Each structure stands twice: as structure tokens, then as C-alpha cells.
Amino acid sequence: QVHLVESGGGLVQVGGSLRLLCAAFGPTFRSYAMGWFRQAPGKERQFVAAINWSGGYTDYADSVKGRFSLSRDNAKNTVYLQMNSLKPEDTAVYYCAADNNLSTVVAGTRVDYWGKGILVTVSS
């Protein structure tokens, strides 16, 4: 069982930066692929980024490539999403996800564990 808790969200101006954290509570964090999704008001949830268990492989949505960076510290059971050059369209609730299978995380369906989400608002 893995419990995910997001933090680091908030209000930021266009062009600014935020770093989201996802802390995982459970004995097997280092074996899980991790990811971030977001859902804007009135829209479907969309994939943002994913990272494999070791941190050696990452995948990003085209909309965030070059601006967002995903990393993990298995010693701290934490995943970090560094978001730079933020745009109003990045405004959404961001959710952390964990699964044994990286492809499952990227697909976003039947993921084993989800966090409750955290709001990011980019104001113009």
C-alpha cells in the first residue's frame, strides 16, 4: 500500500516557477514508477510527466517539454516536478500517481495509487 501526498502548489504569475512534491508513504516506493497528471476546470485529466523507478527514464507531455522537469529521490520517498516558464494554461489541479508499471502511469488508466491533488494557479 502506498499513500501519496502532494505539496508545493499555489498561485504564481505568468513566467514564474513552482516545484511540486509528491511524498510517498509505504515500504515499496522505490519499486514504483511515478507520474503527474493535471485536470483543468471542465476538462479531462491529462498526462504531464512520468519517471521510472530508478529515475533513469522520464517522459513528458508535449505541452510541458522544455519547461517541466521530473526527478525523484528514493532515499526520501519523494518525487519532484519542477515547473518553469508557467503559462495560464498550466492552471489545474495536479495529481501524483504511482504504479509498478511505467506504461500504466503514462496511460493514466488503472493506476494503482493516486494522490488527492493540489491546485496550481497561473495568473496573468
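Since this is a predicted model, take the numbers as computed values, not measurements.
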Identify every side-chain donor-acceptor pair in residues 117-124 under 3.5 Å, counting partners at least two apart or on other chains, and give the distances.
none

Review point. Val93, Val111: one ILVMFWY side-chain cluster at the under-4.5 Å cut-off?
Key: yes
Review point. Side chains of Phe68 and Trp36: closer than 4.5 Å at any heavy-atom pair?
Key: no
Exercise for review: Would you list the pairs meeting disulfide (SG to SG under 2.5 Å) in which at least one residue belongs to residues 71-124, sequence neighbours left out?
Suggested key: Cys22-Cys96
Review point. Is it true that Trp114 and Val2 fall in one hydrophobic cluster, defined by side-chain heavy atoms closer than 4.5 Å?
Key: no
Name every donor-acceptor pair, under 3.5 Å, that has one atom in a side chain of residues 98-105 and the other anywhere in the protein, sequence neighbours excluded.
from: Asp99; atom 1: OD1; to: Asn101; atom 2: N; distance (Å): 2.8
from: Asp99; atom 1: OD2; to: Asp112; atom 2: N; distance (Å): 2.9
from: Asn101; atom 1: OD1; to: Ser103; atom 2: N; distance (Å): 2.7
from: Asn101; atom 1: OD1; to: Thr104; atom 2: N; distance (Å): 3.1

Check your understanding: Rounded to the nearest 0.5 Å, what separation is found between the OG atom of Ser71 and the CG atom of Leu81?
Key -> 8.5 Å
Check your understanding: Of the non-hydrogen atoms in Arg72 and Asn52, which two are nearest, and what is the gap between them?
Key -> NH1-O, 2.8 Å
Point to revise | Student check: side-chain heavy atoms of Val64 and Arg38 closer than 4.5 Å | key: yes
Review point. Hey, is the main chain of Ala92 close enough, under 3.5 Å, to the side chain of Gln39 for a donor-acceptor pair?
Key: no
**Study point:** Verify same cluster id: Leu11, Val14 (apolar side-chain graph, 4.5 Å)
**Key:** no
**Study point:** Under 3.5 Å: donor-acceptor pair, side chain of Asn74, backbone of Asn77
**Key:** no
Review point. For Arg19, what residues pass the salt bridge (charged side-chain N to carboxylate O under 4.0 Å, His left out) criterion, not counting sequence neighbours?
Key: none
Point to revise | Residues in ring pair (Phe, Tyr, Trp, His ring centres under 6.0 Å) contact with Trp53, at least two apart in sequence or another chain | key: none
Practice item. Name all pairs fulfilling the disulfide (SG to SG under 2.5 Å) condition that reach into residues 51-80, sequence neighbours left out, sorted by first residue then second. Key: none
Revision key, fill the gap. Sequence neighbours excluded, the answer for ring pair (Phe, Tyr, Trp, His ring centres under 6.0 Å) partners of Tyr94 is none
Check your understanding: Who pairs with Lys76 by salt bridge (charged side-chain N to carboxylate O under 4.0 Å, His left out), at least two apart in sequence or on another chain?
Key -> none
**Study point:** Listed once per pair and sorted, the disulfide (SG to SG under 2.5 Å) pairs that draw on residues 42-82, sequence neighbours left out
**Key:** none
Exercise for review: Evaluate the side-chain proximity of Met83 to Leu20: yes if any heavy-atom separation is below 4.5 Å, no if none is.
Suggested key: yes
**Study point:** Separation between CG of Leu18 and CG of Asn84, rounded to the nearest 0.5 Å
**Key:** 9.5 Å
Practice item. List, by chain and number, the other hydrophobic cluster members for Phe25, where Ile, Leu, Val, Met, Phe, Trp and Tyr join if side-chain heavy atoms come within less than 4.5 Å, directly or indirectly. Key: Val5
Point to revise | Short side-chain to backbone donor-acceptor contact, Tyr60 and Leu70, under 3.5 Å | key: yes
Review point. What residues, two or more places apart in sequence or in another chain, satisfy ring pair (Phe, Tyr, Trp, His ring centres under 6.0 Å) together with Phe29?
Key: none
Point to revise | Under the side chain to side chain contact (heavy atoms under 4.5 Å, CB included) test, residues paired with Thr109 that sit two or more places apart | key: Ala107
Exercise for review: Answer yes or no: is there an ion pair linking Asp62 with Lys65, defined by an N-O contact shorter than 4.0 Å?
Suggested key: yes
Review point. Between Tyr32 and Phe37, is there a shared hydrophobic cluster once you connect ILVMFWY residues whose side-chain heavy atoms come closer than 4.5 Å?
Key: no
